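Below, each value reflects all heavy atoms present in this structure, side chains not excepted, and no hydrogens, waters or symmetry copies. Starting from 1, each residue takes its place in the sequence as its number. In listed order, ligands and their atoms are each counted from 1. It should be emphasised that the depicted structure is a prediction, and the values quoted were computed from it without experimental measurement.
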Amino acid sequence: MDKFLFVTDLDNTFVGNDEALTELQQTLSEHRQKYGTKIVYATGRSPILYRELQIEQNLIEPDALVVSVGTEIYLDGSDTPDSTWSERLSEGWNRDLVLAETAKYPELVPQPDSEQRPFKISFFLKEESAHKILPLLDTNLSKCGLNIKLIYSSGVDLDIVPRHSDKGQAMQFLRQKWGIAAEKTVVCGDSGNDIALFAVGNERGILVGNARPELLQWHNENPADYRYLAQKFCAGGILEGLKHFGFI
Ligand code: GLC
Ligand code: MG
């Protein structure tokens with residue numbers, strides 16, 4: 001057994017199958033203690049909603065926390081986001097201009113204030129409107145010279161973030177910082193905002209058995225032997241995948 005970098009989404013991936021989560025957390029804690037394995041949570045939640053979930057589910061402390069779909073990275077329990085990462089994102093980002101442009105679309109319903117972050121603007125958008133609105137919005141925001149990315153998840157959540165940020169790029173920032181090879185890294189997810197984790201490079205990937213259609217569709221269109229579609233759901237699927245790749 002050897003040290004590896006473990007990166008996981010939280011809602012409906014790490015969390016959602018209590019019995020398996022208990023086993024997974026124990027396995028990961030032991031691995032970290034014995035071999036120095038690194039644990040990273042990569043969630044769409046803000047730090048506020050992350051904290052709620054952490055308390056509710058008694059989640060073990062990660063070595064780094066990636067929140068707000070990759071736009072904020074907190075290392076070793078720090079309260080301040082990593083400044084190197086924030087500086088990288090601030091280039092070409094214009095929050096006010098994005099807000100002015102998006103206000104023109106009545107289909108975009110703002111998410112709660114807690115989920116509006118320095119580098120993330122989030123809306124609810126119904127699936128039936130998404131097909132029409134997303135390409136239109138992308139074109140119009142680009143026309144304004146905005147260097148942004150649209151991330152649509154679970155048929156309801158739309159996040160607008162700087163182009164150079166998502167869960168995948170945040171994961172690679174940490175992987176390189178810690179000098180861990182892609183082959184020794186595993187990423188886990190279930191929905192649209194996790195596609196970036198799987199798509200950014202050739203890190204090992206685990207799609208949990210309850211993965212959402214948008215992720216499954218992407219997986220089917222981009223097959224790779226370093227990615228594993230589990231049968232079991234949430235933490236059960238993660239345990240299955242970690243064994244498949246020989247990490248545990
Ligand atoms: C979480 C966040 C929300 C975001 C969604 C998808 O639910 O709270 O703001 O839109 O993840 O990334
Ligand atoms: Mg999820």
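A 4.5 Å side-chain heavy-atom check between Ile180 and Phe4 finds every atom pair outside the cut-off.
For Gln176, the CD atom is densely surrounded, since the number of other residues' heavy atoms within 6.0 Å is greater than 12.
Between the Gln169 side chain and the Gly70 main chain, no donor and acceptor come within less than 3.5 Å of each other. Listed for the Gln111 side chain is no donor-acceptor partner under 3.5 Å among the backbone atoms of Gln116.
Both Leu28 and Tyr41 sit in one connected hydrophobic cluster of ILVMFWY residues. Membership requires side-chain heavy atoms under 4.5 Å apart, directly or through other members. Linking Ile, Leu, Val, Met, Phe, Trp and Tyr whenever their side-chain heavy atoms come within less than 4.5 Å puts Trp93 and Phe173 in one cluster.
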Once you restrict both partners to nitrogen or oxygen, which atoms of ligand 1 have a protein partner under 3.5 Å, and how far apart are they?
| from | atom 1 | to | atom 2 | distance (Å) |
| --- | --- | --- | --- | --- |
| ligand 1 | 8 (O) | Glu115 | OE1 | 2.6 |
| ligand 1 | 9 (O) | Gln111 | OE1 | 2.5 |
| ligand 1 | 9 (O) | Lys120 | NZ | 2.7 |
| ligand 1 | 10 (O) | Gln111 | NE2 | 3.0 |
| ligand 1 | 10 (O) | Asp159 | OD1 | 2.6 |
| ligand 1 | 10 (O) | Asp159 | OD2 | 3.4 |
| ligand 1 | 12 (O) | Asp159 | OD2 | 2.6 |
| ligand 1 | 12 (O) | Asn193 | ND2 | 2.7 |

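Vertex the Mg ion (ligand 2); arms to Asp9 atom OD2 and Asp11 atom O; angle 90° (nearest 10°).
The minimum heavy-atom distance linking Leu59 with Leu21 is given by the pair CD2-CD2, 4.2 Å.
With respect to the Mg ion (ligand 2), Asp190 has OD1 as its nearest N, O or S atom.
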